[in-house]
Structure formats: structure tokens, C-alpha cells
Amino acid sequence: MRVPAEARVDLDAIGDNIGLLRERAGGAEVMAMVKAEAYGHGLVEAAGAALAGGASWLGVAKLAEALRLRAAGVTVRTLVCLGVPGEPYEDAVARDVDLTVGAVWLLDEIVRAAERAGRPARIHLKADTGMSRGGVRGRDWEALVDAALKAEAEGQVRVAGVMSHFACADEPGHPSIAAQLGAFTEMLGYAEKAGARFEVRHIANSAAALTLPEARFDLVRPGIAAYGLTPVPAAGTFGLRPAMTLVAAAALVKRVPAGSGVSYGHTYHTERDTTLAVVPAGYGDGIPRHGSNLLQVLAGGRRRTIAGRVCMDQFVIDLGGDTLAAGDEIVLFGPGDRGEPTAQEWAEALGTISYEIVTRIGSRVPRTYPGGGR
Ligand SMILES: *Cc1c(COP(=O)(O)O)cnc(C)c1O
């Protein structure tokens with residue numbers, strides 16, 4: 001290792017996970033969600049791996065992410081899922097980026113951008129079927145559909161898709177799931193009766209794509225599953241392979257006497273004469289400070305718990321009777337097949353979700369792509 005810490009991303013795992021999702025999608029297209037730096041895995045690299053694995057669309061949250069894909073030469077259909085005022089929508093239209101529209105004011109803004117760009121904007125209407133986050137419902141849905149179809153008739157937009165998002169798809173059997181599916185079907189019905197001809201109707205995230213065949217429609221939008229992490233921990237791994245392995249090189253290994261207080265606040269004391277190793281990754285790299293005295297890592301083939309507080313740039317582990325050489329590799333989390341913790345295990349220990357563990361790994365940690373991918 002030439003850096004203190006790195007996140008190794010197995011691009012073949014991403015490709016294989018997309019392949020598995022495609023099989024489970026039963027003919028529906030796969031939009032790989034690559035927002036937030038592809039959940040920390042690297043936007044452009046992960047997008048390439050997902051496309052190689054059979055995804056035919058990419059999804060991002062923010063327009064800047066889509067424009068970065070275009071700048072990198074990625075021309076596949078790409079949907080921006082979050083609509084906010086004042087974005088450079090003219091650039092989106094010029095670069096053939098699909099836009100999600102969940103409000104009439106946003107439609108108006110995009111229509112004006114399309115007029116400036118001199119071509120229609122491709123949009124997906126966002127229905128609020130019960131998450132009460134983005135999109136509209138009730139009369140507002142009817143108004144949005146009517147306004148969008150009018151803009152389509154006038155050549156300012158192409159209403160390419162209709163979408164919604166589940167609140168509780170990771171809890172199979174939750175009553176809101178059936179309620180949201182029912183609302184989606186009803187809202188689709190209104191739009192189609194009003195004359196909408198959608199290319200793609202979509203509502204399924206990873207959890208729904210894997211557990212809810214009736215939610216697949218024309219396209220599924222998996223994120224976390226593409227990176228090999230389970231969207232429904234209680235239901236197992238679905239055969240997915242975690243793509244990210246976070247490693248660090250032991251920075252310093254030294255003997256200390258019994259009773260030594262370790263790291264800020266001395267929240268850990270050595271019980272006996274022992275060997276400590278300094279691991280050069282801290283909360284400035286995205287290691288949660290709440291993981292102090294809690295999270296485990298794999299060092300010298302054994303699990304060790306972080307000793308004392310996680311600092312900005314480093315933390316300490318107590319090797320007991322073992323030792324390491326400076327530079328030896330310590331695995332913080334990974335697929336788990338060598339005995340290391342998984343991101344899911346870290347998430348459970350911290351009371352969060354695996355999404356946050358991989359996404360928060362900071363820009364100071366280089367992403368490397370051993371094997372290169374297909
Ligand atoms: C992030 C996101 C997804 C993917 O969710 P996962 O649970 O990671 O599969 C799907 N759709 C939208 C609109 C999203 O923002």
C-alpha cells in the first residue's frame with residue numbers, strides 16, 4: 001500500500017450484482033443508482049461497471065452528478081431524481097439528461113430551459129404515493145399531469161417516465177407498501193387516461209426489486225444492492241457481493257505498559273503490558289467517531305476492537321500478545337470472506353444502515369480498482 005488508507009472497489013462485484021438484479025427484474029430494465037459518488041464507490045468507475053453488468057440507465061440525485069457523467073463520456077440515459085430551483089436545466093437538456101419533475105413550478109422552469117436550449121426536455125413525473133417527501137398527490141398530481149401533457153403537446157417536453165419511491169420497502173409486509181402500489185397504479189391510470197405515453201414507469205428501489213415482483217413495472221432503480229449490500233438485512237444477502245473493502249496500513253506499532261490510557265479522554269486503558277497499533281484512518285476519513293471502543297477491524301488475522309476514541313486522522317487498536325509490522329494491512333470492513341467485518345456489521349453496531357457506512361467514506365481515502373473490472 002502506498003497510501004495510509006484506501007477503499008478497494010471490486011468492479012466485477014458491481015457488474016455481477018447488477019447481473020443478479022437484472023435476472024430478478026424479470027425483463028424490467030435496470031437503472032443503477034450512482035448518486036453520492038456511487039454510494040462512495042466512485043461515480044464514473046461504478047457507473048461503467050454497472051453498465052457492463054447490464055444496467056441500461058443511470059440514476060443520480062443531483063444534476064451536477066449527471067453532468068459529471070456526461071463530461072466523462074457516459075452517454076447512457078441518466079435520470080436526475082431530485083428537483084431543486086435554479087439548477088442549470090438548460091445544460092441538462094443540451095446534454096440529454098432526464099429530469100424528475102415533482103412540482104408545476106419546476107415544470108415551468110424546465111420548459112423555459114428547453115425553450116432556451118431549442119429542444120424538448122425529457123422528464124419523469126414524480127408521484128407522491130405515500131412517502132410524503134418528493135412529488136405530488138391528489139389534485140396537485142392531476143394539475144402536474146395536465147400541465148406536463150400540455151407542454152408535451154407544445155413540444156417543450158417529452159413526458160418519458162413516471163415514478164415514485166417507497167418509504168418502507170425494506171420491511172416486507174409493511175402495510176404502506178401495498179398502499180403505495182395502489183396509489184401508484186391509480187395515479188398512473190389518471191395520467192394514461194389523460195393521454196400520457198410513458199416509456200418507463202418505475203417505483204422499485206433495491207428492496208422492492210428483490211422482494212416485490214409486482215413493483216417492477218418497466219424499470220427498477222437499485223442502489224445499495226448494486227454495491228453488494230443487502231437492502232433487507234433480516235432477509236439475508238440475496239447472493240450479493242459487497243464491492244468495497246476499506247483497508248489501512250499500520251502506521252506505528254509499539255509496546256506500552258499496563259494501565260496506559262489510550263487516545264483522547266483515556267476512555268480505554270490497557271489491562272496488561274501490551275502492543276498497540278496506530279491505524280491511519282479517522283473521522284476525517286469517514287470512520288464514525290461513535291465507533292470508538294465499539295467497531296472491530298481485522299488485524300493480523302484477528303478481530304480487534306477500536307481502543308479508545310476515533311480521532312480525526314487515526315485510531316488505535318490493542319494487539320494484546322500479538323504484533324504487527326508498520327505497514328501491515330488492516331482490514332476495516334469488506335465482503336467478510338476473510339473474517340473481516342462487513343459494512344452491514346458496522347452499521348448494526350452503530351445503529352445505522354450500511355448505506356451510511358460506505359457513503360460517508362471521505363474524499364481523502366483514495367478509491368482503487370484492483371483487477372480493473374470488465
Ligand atoms: C437512492 C434512490 C434509489 C435506490 O435506493 P436503494 O435503497 O439504495 O436501492 C432509488 N430511487 C431513488 C429515487 C433514489 O433516490
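Read the numbers this way: they start at 1 and go in the same order the structure lists the ligands and their atoms. Throughout, residue positions are numbered sequentially from 1 according to the sequence presented.
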Tell me: protein heavy atom nearest atom 7 (O) of ligand 1, and distance? Tyr355 OH, 2.6 Å

Which one holds for Pro222 and ligand 1: side chain close, backbone close, both close, or neither close, with close meaning a heavy atom under 4.0 Å? backbone

Distance from atom 11 (N) of ligand 1 to nearest protein heavy atom, with residue and atom: Arg221 NE, 2.9 Å

Looking only at distance, does Lys126 have an N or O less than 3.5 Å from an N or O of ligand 1? no

Distance-only criterion, 3.5 Å: show the donor-acceptor pairs between side-chain atoms of residues 139-146 and protein atoms not counting sequence neighbours.
{"unit_1": "Trp141", "atom_1": "NE1", "unit_2": "Met187", "atom_2": "O", "d": "3.1"}
{"unit_1": "Asp146", "atom_1": "OD1", "unit_2": "Tyr190", "atom_2": "OH", "d": "2.9"}
{"unit_1": "Asp146", "atom_1": "OD2", "unit_2": "Tyr190", "atom_2": "OH", "d": "3.2"}

Atom 9 (O) of ligand 1: of Ser206, Ala36, Cys81, the nearest heavy atom sits on Ser206

Please determine if Arg133 has a nitrogen or oxygen closer than 3.5 Å to a nitrogen or oxygen of ligand 1. no

Element-labelled atoms of ligand 1 that are located less than 4.0 Å from some non-hydrogen atom of Tyr39: 1 (C), 4 (C), 5 (O), 6 (P), 8 (O)

Any heavy atom of Ala207 sitting closer than 4.0 Å to ligand 1? no

Among Arg360, Arg367, Arg68, find the one that has a salt bridge (charged side-chain N to carboxylate O under 4.0 Å, His left out) with Glu37. Arg68

Regarding Glu6 and Arg8, does a basic nitrogen lie under 4.0 Å from an acidic carboxylate oxygen? yes

Check ion pair Glu29-Arg221 (N to O, under 4.0 angstrom): no

Ignoring angles and geometry beyond distance, decide whether Ile224 reaches within less than 3.5 Å of ligand 1 through its nitrogen or oxygen atoms. yes

Looking only at protein heavy atoms, identify the closest one to atom 1 (C) of ligand 1 and say how far it is in Å. Lys35 NZ, 1.4 Å

Suppose I only count heavy atoms of Met33 and a 4.0 Å limit; which atoms of ligand 1 are within that range? 2 (C), 3 (C), 4 (C), 10 (C), 12 (C), 14 (C)

Taking it one step at a time, do Phe184 and Phe217 satisfy ring-ring contact (aromatic ring centres under 6.0 Å, His included)? CA-CA 11 Å; Phe184 192 51; Phe217 293 92; 5.1 Å; yes

Between Arg241 and Asp12, does any NZ, NE, NH1 or NH2 come within less than 4.0 Å of an OD or OE carboxylate oxygen? no

Is any NZ, NE, NH1 or NH2 atom of the basic residue among Arg70 and Asp91 found under 4.0 Å from an Asp or Glu carboxylate oxygen of the other? no

Please state whether the rings of Trp57 and His202 are parallel, tilted or perpendicular, taking 30° and 60° as the class boundaries. tilted

